[in-house]
Amino acid sequence: MNTGAALGLFGGTFDPIHSAHLRMAQAFRSELSLDEVRLIPAGQPYHREHGPHASPVQRLEMVRLAIADLPGLAVDEREIHRHKPAYTIDTLEEIRAEIGPERPLWWLIGGDSLAKLHTWHRWEDLFALANIAVALRPGFNETRLPLAVRTQWQQRQVTDFSNGAPSGTMRPLALPPLDVSATAIRQRLQSGADTGTLLSAPVLAYIRQHKLYL
Ligand code: ATP
């Protein structure tokens, strides 16, 4: 028995938030019948060699602008205001404490993040707090996952996801892989190339207004 509809969380640098993030968030919500998906911009991503290019507040503002007209998506600003490295485990512990032990909780990551999951702080504790959905990226190959991650990935997929498990399962999203990254978008912006539909209009306007990624 679980209480409450399933809640989805999607953490990222969002530097800037782009069309693949939005498609992922929407597919995540509809495929898993989630009540709500909360996007969680990271404060100080500890696992990045180079810091983000836009400030935490600017990245938060761009997420707000991007989801303003999209039903079922919300923003959670807690990591932006945390003055220490943003570990996913800390965020999940906080949110789990807020929603109680029974409500199904899903955390969304991309396939490249899955391949690095074993480097996340206390990664094996994540499964006691949430389920994990994975949006596969172009080139994803299960056999290239580090063994510890591949073992979890194979063992935690269940045939019936309607069981409403509060945590502990893993599944891929059926969304076709999207060849879009924030890195490629920053490069396009810097070189003056067109970003087409990769950014939503209010986000592009914000980037221009604040002269970001030049
Ligand atoms: P960067 O190019 O700066 O590394 P990014 O586009 O990968 O950025 P993040 O904000 O770091 O974006 O991504 C947040 C999460 O979304 C990560 O788990 C990442 O793997 C995932 N993600 C981003 N773009 C895609 C995509 N095109 N397909 C699948 N997952 C994606």
Side-chain angles (χ1 to χ4, degrees), residues 8-29 31-32 37-67 70 73 75-77 79-80 85-89 91-92 106-121 123 126 130-142 144-146 149 153 170-191 193 195-200 203-204 206-207 212-213:
L9 306 174
F10 180 21
T13 320
F14 302 127
D15 191 20
I17 186 165
H18 54 64
S19 59
H21 294 137
L22 297 174
R23 296 257 311 272
M24 286 165 69
Q26 288 174 304
F28 183 41
R29 180 166 180 247
E31 275 182 45
L32 280 67
V37 171
R38 297 184 193 160
L39 283 81
I40 311 181
Q44 309 166 21
Y46 70 97
H47 55 279
R48 296 215 159 200
E49 271 173 40
H50 308 289
H53 302 256
S55 74
V57 169
Q58 288 169 333
R59 291 183 290 107
L60 169 66
E61 197 50 40
M62 290 189 279
V63 171
R64 275 218 189 90
L65 290 167
I67 66 169
L70 302 178
L73 303 189
V75 62
D76 181 320
E77 16 186 296
E79 291 193 2
I80 294 288
Y87 294 125
T88 298
I89 191 80
T91 301
L92 285 180
W106 282 89
W107 180 261
L108 174 63
I109 59 175
D112 56 322
S113 301
L114 177 67
K116 292 187 221 134
L117 197 64
H118 61 301
T119 66
W120 292 20
H121 184 54
W123 74 283
L126 298 170
N131 302 284
I132 298 184
V134 182
L136 304 183
R137 292 187 92 150
F140 177 80
N141 182 343
E142 180 175 316
R144 288 205 215 110
L145 289 175
V149 175
W153 175 241
M170 298 183 87
R171 63 173 289 175
L173 280 192
L175 181 75
L178 304 163
D179 194 8
V180 180
S181 73
T183 303
I185 291 172
R186 288 194 301 271
Q187 284 165 355
R188 282 178 161 266
L189 290 165
Q190 203 181 12
S191 66
T195 51
T197 55
L198 299 174
L199 296 170
S200 64
V203 171
L204 183 59
Y206 184 92
I207 289 170
L212 300 176
Y213 312 117

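Residue indices begin at 1 and follow the sequence shown. Note that these values count all heavy atoms, side chains included, but never hydrogens, waters or copies made by symmetry. Counting convention: from 1, in listed order, for ligands and their atoms alike.
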Numbered in order shown, the ligand 1 atoms found under 4.0 Å of a heavy atom of M24 are 16 (O), 21 (C), 22 (N), 25 (C), 29 (C), 30 (N), 31 (C)
Check whether any side-chain heavy atom of I40 sits under 4.5 Å from a side-chain heavy atom of V63, and report yes or no.
-> no
Distance-only N or O hit between ligand 1 and F14, under 3.5 Å | yes
Decide yes or no for Y206 and S200: does some side-chain heavy atom of the first lie under 4.5 Å from some side-chain heavy atom of the second?
-> no
Can you tell me how far the CZ atom of F28 sits from the CG atom of L9, to the nearest 0.5 Å?
-> 7.0 Å
Would you call L212 and M62 a side-chain contact if the rule is heavy atoms closer than 4.5 Å?
-> yes
Give the intermediate values and the outcome of side chain to side chain contact (heavy atoms under 4.5 Å, CB included) for residues L32 and L173.
-> CA-CA 9 Å; L32 280 67; L173 280 192; 3.8 Å; yes
For ligand 1, which atoms, with element, lie under 4.0 Å from some heavy atom of S113?
-> 17 (C), 18 (O), 19 (C), 20 (O)
Is the closest heavy-atom distance from G11 to ligand 1 below 4.0 Å?
-> yes
Using a 4.5 Å cut-off on heavy atoms from C-beta on, say whether the side chain of L39 contacts that of H21.
-> no
Ligand 1 N/O within reach of L178 N/O, cut-off under 3.5 Å = yes
Out of R23, Q187, R137, R186, whose heavy atom sits nearest atom 29 (C) of ligand 1?
-> R137
Any idea which atoms of ligand 1 are less than 4.0 Å away from a heavy-atom of A20?
-> 26 (C), 27 (N)
Can you list the atoms of ligand 1 that are under 4.0 Å from a heavy atom of F10?
-> 15 (C), 16 (O)
Looking only at distance, does G110 have an N or O less than 3.5 Å from an N or O of ligand 1?
-> yes
Report yes if H21 has an N/O atom closer than 3.5 Å to an N/O atom of ligand 1; otherwise report no.
-> yes
Could you list the atoms of ligand 1 found under 4.0 angstrom from a heavy atom of D112?
-> 19 (C), 20 (O)
Would you say ligand 1 has an N or O under 3.5 Å from any N or O of L136?
-> no
Heavy-atom neighbours of N141 CG exceed 12 at 6.0 Å | yes
Does some side-chain heavy atom of P16 sit less than 4.5 Å from a side-chain heavy atom of R186?
-> yes
Heavy atom under 4.0 Å from ligand 1: found in A182's side chain, backbone, both, or neither?
-> both
Proximal atoms of ligand 1 relative to A135 (non-hydrogen, under 4.0 Å) | 29 (C), 30 (N)
Here the atoms of ligand 1 under 4.0 Å from any heavy atom belonging to V180 are 24 (N), 26 (C), 27 (N)
Is H18 close to ligand 1, meaning an N/O of one under 3.5 Å from an N/O of the other?
-> yes
In sequence, state the C-alpha distance, the side-chain angles, and the governing distance for L126 and I89, and then conclude on side chain to side chain contact (heavy atoms under 4.5 Å, CB included).
-> CA-CA 6 Å; L126 298 170; I89 191 80; 3.8 Å; yes
Residue pair W120 / I109, side-chain heavy-atom distance below 4.5 Å | yes
Checking heavy atoms under 4.0 Å, the part of T183 that sits near ligand 1 is both
Within a distance under 4.0 Å of any heavy atom of G12, pick out the atoms of ligand 1 and give their elements.
-> 10 (O), 14 (C)
Relative to the ring of H53, is the ring of Y213 parallel (under 30°), tilted (30 to 60°) or perpendicular (over 60°)?
-> tilted
Does E77 come within less than 4.0 Å of R64, counting only side-chain N to carboxylate O?
-> yes
Based purely on interatomic distance, does L108 place a nitrogen or oxygen under 3.5 Å from a nitrogen or oxygen of ligand 1?
-> no
